[in-house]
Novice: 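Right, I'll just put the structure down here and ask away after.
Below, read A as the first sequence line, B as the second, and so on, with proteins coming before strands; counting in each chain starts at 1.
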Number of protein chains: 4
Amino acid sequence: MMMNEGKLKILQAAREIIVEQGIKGTTLRGIAERAGFSTGAIYHYYTSKEAILYDVMDEGLGEVKRIETVSQDDQKEAAVIIQEIYEGMQERFQKDAESRLQFYLAHEAMIGNEDIQQKFKVKYEDWITRIEAIFVRAYGVKQGPMTRAVATWTMAGIDGMVLQTLLRTGTIEPEYTNRVLHYLLTEGFPHFFQLICSKEMDRE
Amino acid sequence: MMMNEGKLKILQAAREIIVEQGIKGTTLRGIAERAGFSTGAIYHYYTSKEAILYDVMDEGLGEVKRIETVSQDDQKEAAVIIQEIYEGMQERFQKDAESRLQFYLAHEAMIGNEDIQQKFKVKYEDWITRIEAIFVRAYGVKQGPMTRAVATWTMAGIDGMVLQTLLRTGTIEPEYTNRVLHYLLTEGFPHFFQLICSKEMDRE
Amino acid sequence: MMMNEGKLKILQAAREIIVEQGIKGTTLRGIAERAGFSTGAIYHYYTSKEAILYDVMDEGLGEVKRIETVSQDDQKEAAVIIQEIYEGMQERFQKDAESRLQFYLAHEAMIGNEDIQQKFKVKYEDWITRIEAIFVRAYGVKQGPMTRAVATWTMAGIDGMVLQTLLRTGTIEPEYTNRVLHYLLTEGFPHFFQLICSKEMDRE
Amino acid sequence: MMMNEGKLKILQAAREIIVEQGIKGTTLRGIAERAGFSTGAIYHYYTSKEAILYDVMDEGLGEVKRIETVSQDDQKEAAVIIQEIYEGMQERFQKDAESRLQFYLAHEAMIGNEDIQQKFKVKYEDWITRIEAIFVRAYGVKQGPMTRAVATWTMAGIDGMVLQTLLRTGTIEPEYTNRVLHYLLTEGFPHFFQLICSKEMDRE
DNA sequence: GATGAATGAGTATTCATTCAT
DNA sequence: AATGAATGAATACTCATTCAT
């Protein structure tokens with residue numbers, strides 16, 4: 001998707017304003033001003049405000065990696081991989097602006113924008129698949145509905161923690177939740193998969 | 001808090017419109033029309049739109065129990081308690097409209113509404129404390145930062161799953177995520193607390 | 001003009017609010033509340049807000065004496081009479097609320113309310129006539145266009161000083177303006193009338 | 001201060017409506033219509049109705065000289081100077097629209113608009129200072145609290161006469177009040193200052 | 001392409017007035 | 001008489017969109 005300089009400026013401006021003011025507080029004039037255009041000029045690049053928001057969402061969801069693909073270096077031990085994902089999540093919690101944009105877009109999607117809903121579906125599939133792949137490699141388990149389910153809950157847990165961070169609920173020190181996360185990744189999940197495997201075997 | 005019929009009609013109308021259109025799309029005129037009032041009549045019950053939204057939120061967050069307080073019947077076995085909380089969560093995932101309202105309010109809180117932010121803070125504290133209490137009783141562990149941390153993650157997981165539900169990501173069948181939830185509650189968490197306890201002892 | 005208790009309460013309330021908030025800020029509901037009535041009840045006493053304002057003006061202008069009629073005690077010396085009028089004016093400058101009401105009504109009259117304009121005309125005639133009478137008696141001059149003109153300027157000066165007081169211009173200490181007023185009344189005006197009289201005689 | 005055509009149109013429209021209907025009756029829609037704009041267009045020039053009124057006042061009070069600065073031509077005799085100020089006042093009484101605007105603004109200031117109140121304070125100081133300077137030069141007296149006090153009363157008298165004119169009290173023919181004004185300026189005030197000076201000397 | 005003035009429908013809010021009770 | 005809920009037109013203000021230049 002070729003995108004000229006003007007469009008990029010507009011998108012960047014829109015993203016910034018959405019993060020600062022929310023979609024409700026994002027006006028065309030505000031976007032134009034921040035992008036360095038006149039209000040009228042915007043219409044040379046986009047036919048409507050709606051169109052801009054659509055592209056913001058498109059780009060916004062596209063850019064976010066959330067969970068980086070773990071390097072395909074097979075030599076790495078499980079512990080290293082887990083450490084990497086742990087640090088990745090930690091980093092995720094810091095990215096306030098990006099998370100904010102994400103939740104604002106989710107909000108828009110919920111209101112009924114089906115295009116965005118479809119994009120979210122694809123994105124979540126991608127994110128969860130990546131997490132699942134990491135688990136499969138790190139824990140040496142067979143990929144299947146249960147690995148997917150664990151990955152889904154992991155994704156959900158991250159979303160929920162980010163939400164609490166954005167809402168500034170401050171109900172607990174990160175120190176403790178991090179220890180839980182670390183334990184889950186290094187000991188809880190492995191143990192969990194063992195239980196499942198043995199159960200599955202029991203069934204067989 | 002006595003609440004007359006007019007206020008109830010207005011709140012109900014506001015709630016419905018928020019769920020359908022989001023807070024952005026919720027106009028006073030819309031509320032008035034759906035409540036069967038003229039625009040001016042609204043002001044007999046509420047001094048501003050802000051005040052209506054505040055009440056919607058107050059009621060909205062107040063009504064939602066999310067995790068029911070576990071009955072104080074000490075005779076119950078851990079398994080029964082866990083089953084109760086499991087079913088409570090299941091039920092939670094069904095309440096689409098209520099969840100939607102919750103996320104819209106969260107959105108508003110993020111944009112900067114400090115009243116709502118404060119409410120959320122209080123609510124999350126309450127919810128998490130309840131979950132923690134259940135864990136303490138069910139698993140027979142001592143209450144402390146780690147029980148709180150686990151409760152916080154549980155809350156986060158639920159939020160994240162509700163979000164995925166509302167976004168209709170449909171990345172996995174509920175059957176599997178439910179099994180993960182069930183395992184976590186019945187075996188994962190107990191084992192997890194054991195690990196922590198033994199670690200704590202090692203330290204000593 | 002018989003006036004029942006309800007009407008009096010309403011008028012008093014209206015007067016107070018006008019003084020505090022101006023006519024613009026005077027609402028029927030506000031009047032009703034302060035008068036201890038329901039909004040609807042007002043309409044048993046007055047057919048419209050306009051009618052209330054009209055009565056406020058009627059009463060308002062009627063009550064104000066501005067320059068009290070000097071007692072008709074002929075024994076008094078000029079100096080005493082002048083002292084009385086001087087003190088009357090001093091007192092006038094203190095009556096902030098009453099002055100305020102007066103200027104608000106004048107404002108309304110200027111906007112085009114002809115009834116009020118007529119009332120003001122009558123009132124000013126009355127006020128000026130009183131001042132003139134005092135001058136005639138105190139200075140022992142013959143009543144005529146010139147005594148009237150001096151009285152008119154005196155009235156104007158008082159109005160202007162009250163206006164500056166209400167506007168809080170604070171351009172000078174009352175001490176000095178009072179001395180000017182005192183000199184004018186005790187020496188300036190007598191001298192002034194002498195000059196005129198001699199001029200008039202010159203003409204003859 | 002560059003002021004484009006649109007702003008000027010709006011100010012002119014606002015001024016006219018204020019004079020016709022008072023500030024209370026001055027609506028944005030009314031201004032827009034008379035200025036030949038749509039309601040929204042107004043906001044390209046002014047950020048609020050408040051801002052328009054502020055500019056009206058700023059211009060309104062700024063333009064009004066009331067008492068022109070007497071030419072600094074030292075050759076002029078006292079009589080000439082006094083004649084000039086006398087004619088200036090005469091002219092003042094004619095400017096109905098301008099005076100009306102002034103009283104409407106004063107009304108607004110009294111209601112509590114602190115910006116306008118401040119402007120009035122500055123303006124009155126300026127006006128009175130000018131009158132005082134004229135007196136000092138014309139009568140050859142030393143500037144001090146008493147010259148200021150006389151100037152203040154002169155200003156007050158003018159205001160009061162303008163008020164009576166606007167209210168159409170018509171209690172006396174201008175012929176007579178003008179004669180009083182003329183006598184005051186040419187003989188009353190000089191004599192008055194003599195009296196004061198001699199009194200001051202008596203004290204010493 | 002670019003500008004920014006102009007549009008007009010839409011928003012929350014106010015308030016004199018009405019009317020069923 | 002009295003209430004106060006209800007009305008609806010009016011108010012200031014916003015903003016996506018258009019269009020002459």
Novice: Checking all strands, does T39(D) fall into the base, sugar-phosphate, or nothing category for heavy-atom contacts under 4.0 angstrom?
Specialist: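 Base contact - T39(D) has a heavy atom under 4.0 Å of at least one base atom.
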Novice: What's the verdict on side chain to side chain donor-acceptor pair (under 3.5 Å) for K9(A) and Y45(A), showing C-alpha distance, side-chain angles and the deciding distance?
Specialist: CA-CA 10 Å; K9(A) 272 193 207 159; Y45(A) 300 99; over 6 Å; no
Novice: Give the rounded distance in Å between these two atoms: NZ of K49(A) and C1' of dT18(F).
Specialist: 17 Å
Novice: Grab the CD-P distance between E5(A) and dG1(E) for me, whole Å please.
Specialist: 12 Å
Novice: How many whole angstroms separate atom OH of Y43(C) from atom P of dT21(E)?
Specialist: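 These atoms are roughly 21 Å apart.
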Novice: Could you pick out which residue, K9(D) or E50(C), lies toward the 5' side of DNA chain E when each is mapped onto its nearest nucleotide?
Specialist: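 Taking each residue's closest nucleotide, the earlier one in sequence belongs to K9(D).
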Novice: Write down the distance between CD (E33(B)) and C1' (dA6(F)), rounded to a whole number of angstrom.
Specialist: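 So the two atoms are 16 Å apart, to the nearest Å.
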Novice: So if I take every side-chain heavy atom of S48(A) and compare against dT17(F), dT3(E), dA5(F), which nucleotide ends up nearest?
Specialist: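 The listed nucleotide nearest to S48(A)'s side chain is dT17(F).
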Novice: Taking for each residue the nucleotide of DNA chain E bearing the nearest heavy atom, is the 5' side occupied by T27(C) or by G36(D)?
Specialist: G36(D)
Novice: Among R34(A), R100(A), R15(A), which residue meets the salt bridge (Lys or Arg N to Asp or Glu O under 4.0 Å) test with E20(A)?
Specialist: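 The residue from R34(A), R100(A), R15(A) that satisfies salt bridge (Lys or Arg N to Asp or Glu O under 4.0 Å) with E20(A) turns out to be R34(A).
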Novice: Check the distance between dT17(F)'s C1' and L28(A)'s CG and give it to me in whole angstrom.
Specialist: 8 Å
Novice: Does Y46(B) have a side-chain nitrogen or oxygen under 4.0 Å from the phosphate oxygens OP1 or OP2 of dA12(E)?
Specialist: no
Novice: Starting at atom OH of Y45(B), determine the distance to atom C1' of dT13(E), rounded to an integer number of angstrom.
Specialist: 18 Å
Novice: State the pairing partner of dT21(F); accept Watson-Crick or G-U wobble contacts with both distances under 3.5 Å, and report none otherwise.
Specialist: dA2(E)
Novice: Suppose we call a contact any N or O donor and acceptor under 3.5 Å apart; does that hold for the side chain of H44(C) and the base of dA1(F)?
Specialist: no
Novice: Report the nucleotide, chosen from dA12(F), dA2(E), dT3(F), that has the shortest atom-to-atom distance to any side-chain atom of A41(C).
Specialist: dT3(F)
Novice: Output the rounded distance in Å from CZ (F37(A)) to P (dT3(E)).
Specialist: 8 Å
Novice: So do the side chains of L11(C) and Y46(C) get within less than 4.5 Å of each other, counting heavy atoms only?
Specialist: yes
Novice: Between C1' on dT3(E) and CZ on R29(A), what's the gap in Å once rounded to a whole number?
Specialist: 13 Å
Novice: In terms of ring plane angle, is the pair H107(A) and Y104(B) parallel, tilted or perpendicular, where the classes change at 30° and 60°?
Specialist: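 Ring orientation, 0 to 90° scale: perpendicular.
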Novice: Which nucleotide, dT7(E), dT7(F), dT13(E), lies nearest any side-chain atom of S38(B)?
Specialist: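 Selected nucleotide (nearest to the side chain): dT7(F).
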Novice: So what does T47(C) hit on the nucleic acid, given a heavy-atom distance under 4.0 Å: a base, only sugar-phosphate, or nothing?
Specialist: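 Here T47(C) touches no strand at all.
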Novice: Who does dA16(F) pair with, Watson-Crick or G-U, both distances under 3.5 Å?
Specialist: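 Because both required distances fall under 3.5 Å, dA16(F) counts as paired with dT7(E).
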Novice: Okay, side chain of R168(B), backbone of K121(A): is any donor-acceptor separation there less than 3.5 Å?
Specialist: no
Novice: Between G6(B) and T26(D), which has a closest nucleotide on DNA chain F that is more 5'?
Specialist: G6(B)
